[in-house]
Each structure stands twice: as C-alpha cells, then as structure tokens.
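Structure first, then comments.
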Amino acid sequence: MREIIVKTKEEIKTFKESFNFKCFSLDTETTSLNYSNQELEGISLCDGSTIVYIDFVSINDYSVIKDCFPSELISSKFRDCIVICHNCVFDFKVLKKYGLSFNSAEWFDTMVAHHLIDENSKHGLKELANKILGYDIVSYEVAKKSKELFYKYALNDALWTWELAILFSKELKEQSLEMLFRKIEMPFLRVIIEMETNGFLVDKEEIVITKHKLRDLVFELEKQMLDILGEKYVFQYTLTGEMSIKSNINFNSTEHLNNILFKKLGLQPIETTKTGKNKTNKKTLNILKGKHEFIEILEQYKTAQKLLNSFYETLENYIDPDTKIRTHFNDTGTRTGRLSSNSPNLQQLPKKNESLSIDVRKCFIASPGKKLIVADYSGQELRVLAQISNDTAMIEAFKSGKDFHQETANQFGVSRTIAKSINFGVAYGKSAKGFSNDWNCTEEEAQQFLDKYFNSFSGVKKSIDECAIFLRRNGYIKSLTGRRRRFSKNEKGYYPSSAYRQAFNFLIQGFSADMIRIAGIKLLNLKHRNPEWKMNIIACIHDEYVFEVTEKYINEAKTSIKETMESVVNFKVPIISEIGEGYNYGEAK
DNA sequence: TGGTTCAGCGCC
DNA sequence: AAAGGGCGCTGAACCA
C-alpha cells in the first residue's frame, strides 16, 4: 500500500491525479471531540491501493479543503461514488463546518454496519481493527507524542476502515441486511447530522431561576429531616455563597437510609437488593408512607435532589456559545436498534412535576420567530404488536379508532390502568407472578386473567410461541426490516427465559425503531422541499420527533408532518401521529 | 487519583 | 430460580 503525506497545497494536486475517488474511505483528525470548538487537523483517505494523510496543520489554509476532492464529488453531480467512514456522523459534521459535504455520494458506515452484524459487542474502530483485522493498536494519546507516530495513526484509521468495509459489505449481504443498511440506516445518518448540528435552543435564565428554587427546597427538606431525627447540624457557606448543611447524615446514601429507616425508626424492610441489603427505593417508600412523617419528606427530597443533580445543575455545562444544547444521538447504542442519546440524554427529560410545579422541558425552546412542533406516534408499539402478530381482535380494536386500553378494560371488566399495564406487560413478556405483584392478587388469579387475555388475543399468543421456536432453532430473531438480535445459550445449553422475553420485545421495539428512522428520512425530504418553512429537525425521542418551524408556516408544516409520519408503512392497523405546538418543549408536548 | 460496580431513577 | 423490554446519569462505596 502506497503511503502519501500531503503537507503543501502543491502536493494536493499530485495525490489527486492517481487517487480513485469512486470508492474510498475517509477519516478526520480534529482538535476536539466537541462539535462547537473542534477544528480539523487532517483528513486521511484510502482507496485500496493508496493511503493519504492531508495535514491541514502544515498546509495552514482551510480554504483548500475543497481542492482535495474532485469537484463533481462535492457538487452533487457525481452519483455513483461510495464514501466509507467509521462513524460518518462525526466526520461529516466536522467537514460540514468547512463547507464540505458528500450529499450525492452513497455512504458506507462501518460502525453502523458492524452494529447490524454484531449488536452484542463494541463498535469502536480500534477494537474492531484489533479483534477482526488483528492489528496492534496505538492509543491516540501515545500517537500524539510524535508527528511520525501521528501520521501513522491517521493513515491506519483510513486503512482499517477500508478493510472493515470490504468484510462487512460481504457480511451484510450474507445476512440479508443490505437493504436495511442501504435504504434505512445510511440515509438516516443524515437525519442524525441534521439534529446534532441544529441543536436545541435553551432558556438559560429559566434554568438558573429554577436551579436556585430547587437548591432552597433541598436545603429546607434536609433541615426538616434532621430535625425530625433529632440529629445535630451546622450551617455552612459554599464558595459561591450558597448556604448548605453539614451533618453526619447523607440522605443520598443508601447505607445511611438503611440505618435510619430500618434501625432508628424501626420500620419493616420491604425488599432486598441482589447484594442482600434492604432496598430504600421509591416503591419501598411508597409502601412505608403513613408509618412515619419522615417518609413523605424523604420522598420530596429525593424528587427535588434528582431534578437538581441530574438536570438543573448539569444542563448548563452542555450549553454551546450560541445557547444551544447539542445532544449526541447514538445509532449503535442499543441491541434492539433504538437510538440512544447522551450528553445530555434528551430521551429522559422529566415530564412536568405537578406537586413541585417544575418543568424541565420548559427550558427547551424554539428559536426566535419560530415555534416547536412535537409529533409522536400514538401507541406505536402496540400497533406494531397488532400488526406483527396479525391478531384479528387487536387489529379490529385499533381500526375502530377507540381508546385501545379502554376497550381492553371494558372487554375484561377491569380498570383502564390495569388494562394498560397488561397490554404493555405482555409486550415485555411479563409473567403471572409479575402481574400478581402489581395487582395485589394471587399468582393463580393473575394466571387466569392472562389465559383469558391470550384467549381473546390468540394471535398474540401464537406469535410469542412462534418467536420462541424461531429463536430455539436459529439462535437469533429478525424483525420486519431484517434487523437481527442474536442470543447466547447459557452454560447449561439453553436460552434463559429472559432471552425469550427480549426476543419477542425486539420484534416490536426493533421494528418501531426502524419505523421512526424511515419517518425521519421522509421528514428530512419534507424539509428540503419546503425551504421557506425554515424547518429544523431538532430531536428524536423513540416514537417522537421535535421540530422548529417559522410561525407563519406552522399549520402547513403540521399537516405535512402528520401525513408524512402516518404514511411510512402500509399496515392493517392505522398509524396515527399526534401533533402539538408551542414555544417550549413542555408546552408543545 | 481514577476506575468500576451498585442502587436508584428519569424517559419511551 | 426468577419472575417486564430498552436506555444514560447520578452519587456512594469500593478497590487498586
């Protein structure tokens, strides 16, 4: 393999003459992993016979980036070219900052490919190069110590990506994953880039005000608890001038809570953890409530502390200079094919807390002149369950357009809440024992109810059984889009019961995840067809998208978004998208 | 000091 | 024997 290091503008011309841009791998080196302040250091490329590293630190002129590629490739005329990256989202986000995109090319992401091929292991380039290609790995920190080492490191990234692509391309075909990869996964990466570069505007002032309100509340509740327990404490001032309490008790410690609840207050333990200690969780406190005035204050304290520590104290650290939060959406983060989100995790923002009247979602707002639109699939997973099990009764229930949980409730003569819990429970593989705990009845009674349920929804029962048979025969299960989930036998040679639950749930969750991907691809097209809307896709929360659109076009956009989302699949059950609007996320939901 | 595990809890 | 799927983040406790 020929190796070329490009350090001058002239050398760019030279390498281009002999490089094959029809199909090549690409990797970028940057100064930082953080989108807002990262700068490009270099680009490595590999076409199978040559590896090139273009050192922009040496060239010291970013205006020549476009000269590194044939103009047809970046001007969207060159339609039969393949660009391979390990984590396209990262590299293309960086290049986008320098005005470079490969929108006309076909993308091949080796990280995403590996996730489809082996969802149970890690997908880092270094891990794969070592495990699959057998290369020795040098860490980034070590490579950074000398220029020569760093060049080698950068060249290797492009080489390994190239070699992995050759292997994975074959593997995707063999496992019938190619359509899913090319028609859903690769186009969807553009949606992730759209969301991650747009970011979500936040109301800094709202965050700060509520943060102080919560700090005061936590302080007050802590004082009350110490008073009730008769514990000594003193006041302290932090460096920022906030008052705090110093005592021998830490109410965040499960050990301390164990001592207080079950020794000092003499309350009866409810459950134990797997390491044998008494649980001090929400469920326990709920059962103990009423036995002692301390419990209710502790519950409030836990709620306030959680909001404070997990959200209000940390959200500020993620705010970019333009007052936007840019979450990472991880396409390869789950075994089921769902997206995950981190830094911060937008998929776990608390709903409004009525008793404290605190709404984290209120801090996430629309850009000036725009309004947020939130669109979610109504009962997505249950509709998918009805479809994949082809259950006549369930399909009819959805077709009627009535409230599905209420219909179930009427049919079995139970409350809506109970009906809802069984509908979801079944999709998760919950057992009679599990239901009996929830409903406060015997296991036999729960079993009788389950039998009745499966008698009515016999298609569901049948598909659960078929799923188990398929798993036992093949060691994996595959969804309607061809996505697979593989399972391992335990040391005794059979699949644990959890595998059967996970397998069946995967059929629902995995398909739903691809359904939201297809919707995203179509929604991005909708955006491009209507530039005057200035529509941005901002976030994806499992069965929901968040957008911002110029106010004037809100109604038009809402109608189109709803239509787009409802037409992604052709199912026997209707697919319904519910749309809301507002100036902040709490209001729009 | 920095890493891991555990318990707990937020969301879909 | 356990007994509902999927995540990420927090602080405490523990360990080297």
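Chain letters run A, B, ... following the sequence lines, proteins first and then strands; every chain starts at 1.
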Are A/Tyr428 and the base of C/dG5 stacked, counting only ring centres nearer than 5.5 Å and planes tilted under 30°?
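Stacking is present between C/dG5 and A/Tyr428, given that their ring centres fall under 5.5 Å apart and the planes under 30°.
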[X] [atom1] to [N] [atom2]: how many Å, rounded?
X	N	atom1	atom2	result
A/Asn309	C/dT10	CG	P	9 Å
A/Ile388	C/dG5	CD1	P	16 Å
A/Phe506	C/dC7	CZ	P	12 Å
A/Lys433	C/dG4	NZ	P	10 Å
A/Glu381	C/dG4	CD	C1'	12 Å
A/Phe511	C/dG6	CZ	C1'	18 Å
A/Asn437	C/dA2	CG	C1'	11 Å
A/Asn342	C/dT10	CG	C1'	15 Å

With a 3.5 Å distance limit and no angle check, can you tell me whether A/Arg383 reaches the backbone of A/Ser378 through a side-chain donor-acceptor pair?
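Yes, A/Arg383 side chain to A/Ser378 backbone: donor-acceptor pair under 3.5 Å.
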Under 6.0 Å between ring centres, would you say that holds for [X] and [Y]?
X	Y	result
A/Tyr500	A/Phe487	no
A/Phe364	A/Tyr583	no
A/Phe398	A/Phe404	yes

In terms of the nearest nucleotide of DNA chain C, which residue is placed more toward the 5' end: A/Thr314 or A/Gln502?
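Checking each residue's closest nucleotide, the 5'-ward one belongs to A/Gln502.
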Can you tell me how far P in C/dA3 sits from the matching atom in B/dC6, rounded to whole Å?
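Going atom to atom, P in each nucleotide, I get 15 Å.
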Using a 4.0 Å heavy-atom cut-off, does A/Gly425 contact any base of the nucleic acid, only the sugar-phosphate backbone, or nothing at all?
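Base, at least one base heavy atom under 4.0 Å.
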Ignoring backbone atoms, establish whether [X] has a side-chain N or O less than 4.0 Å from OP1 or OP2 of [N].
X	N	answer
A/Arg485	C/dG6	yes
A/Ser341	C/dC7	no
A/Ser343	C/dG8	no
A/Thr336	C/dG5	no
A/Asn250	C/dA12	yes

A/Glu271 with A/Lys277: basic N within carboxylate O range, under 4.0 Å:
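Here A/Glu271 does not pair with A/Lys277 in a salt bridge, since their nearest N and O are not under 4.0 Å apart.
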Does the distance from a Lys or Arg side-chain N to an Asp or Glu carboxylate O, for A/Glu206 and A/Lys362, drop under 4.0 Å?
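The answer is yes: the pair qualifies as a salt bridge.
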Hey, mind stepping through A/Phe435 and A/Phe449 against ring pair (Phe, Tyr, Trp, His ring centres under 6.0 Å) and telling me if it holds?
CA-CA 10 Å; A/Phe435 284 117; A/Phe449 189 84; 7.9 Å; no
Within 45 degrees of the axis of the six-membered ring of A/Tyr35 and under 6.0 Å from its centre: does A/Arg326 put its NZ or CZ there?
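So A/Arg326 doesn't make the cation-pi contact.
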Nearest non-hydrogen partners of A/Ala393 and A/Ser456, listed with the distance:
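Taking every non-hydrogen atom into account, CB-O, 3.7 Å.
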Stems formed with participation of DNA chain C [Watson-Crick or G-U wobble, under 3.5 Å, three or more pairs]
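So far as stems of 3 or more pairs are concerned, DNA chain C shows B:1-12 with C:5-16.
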Check the interface with nucleotides 8-11 of chain B: list each N/O to N/O pair with the protein under 3.5 Å, or write none.
| residue | atom | partner | partner atom | Å |
| --- | --- | --- | --- | --- |
| B/dG8 | OP1 | A/Thr280 | N | 2.7 |
| B/dG8 | OP1 | A/Thr280 | OG1 | 2.9 |
| B/dC9 | OP1 | A/Lys282 | N | 3.3 |
| B/dC9 | OP2 | A/Lys282 | N | 3.0 |
| B/dC9 | O2 | A/Lys306 | NZ | 3.1 |
| B/dG10 | OP2 | A/Lys282 | NZ | 2.6 |
| B/dG10 | N2 | A/Gln348 | NE2 | 2.8 |
| B/dG10 | N3 | A/Gln348 | NE2 | 2.6 |
| B/dC11 | OP1 | A/Lys351 | N | 2.7 |
| B/dC11 | O3' | A/Arg361 | NH2 | 3.2 |

Regarding A/Arg215 and A/Tyr312, do their side chains bring together a donor and an acceptor under 3.5 Å, going by distance alone?
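No donor-acceptor contact under 3.5 Å links the two side chains.
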Nearest listed nucleotide, side chain of A/Lys589, among C/dG8, C/dG6, B/dC12:
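Among the listed nucleotides, the one closest to the side chain of A/Lys589 is B/dC12.
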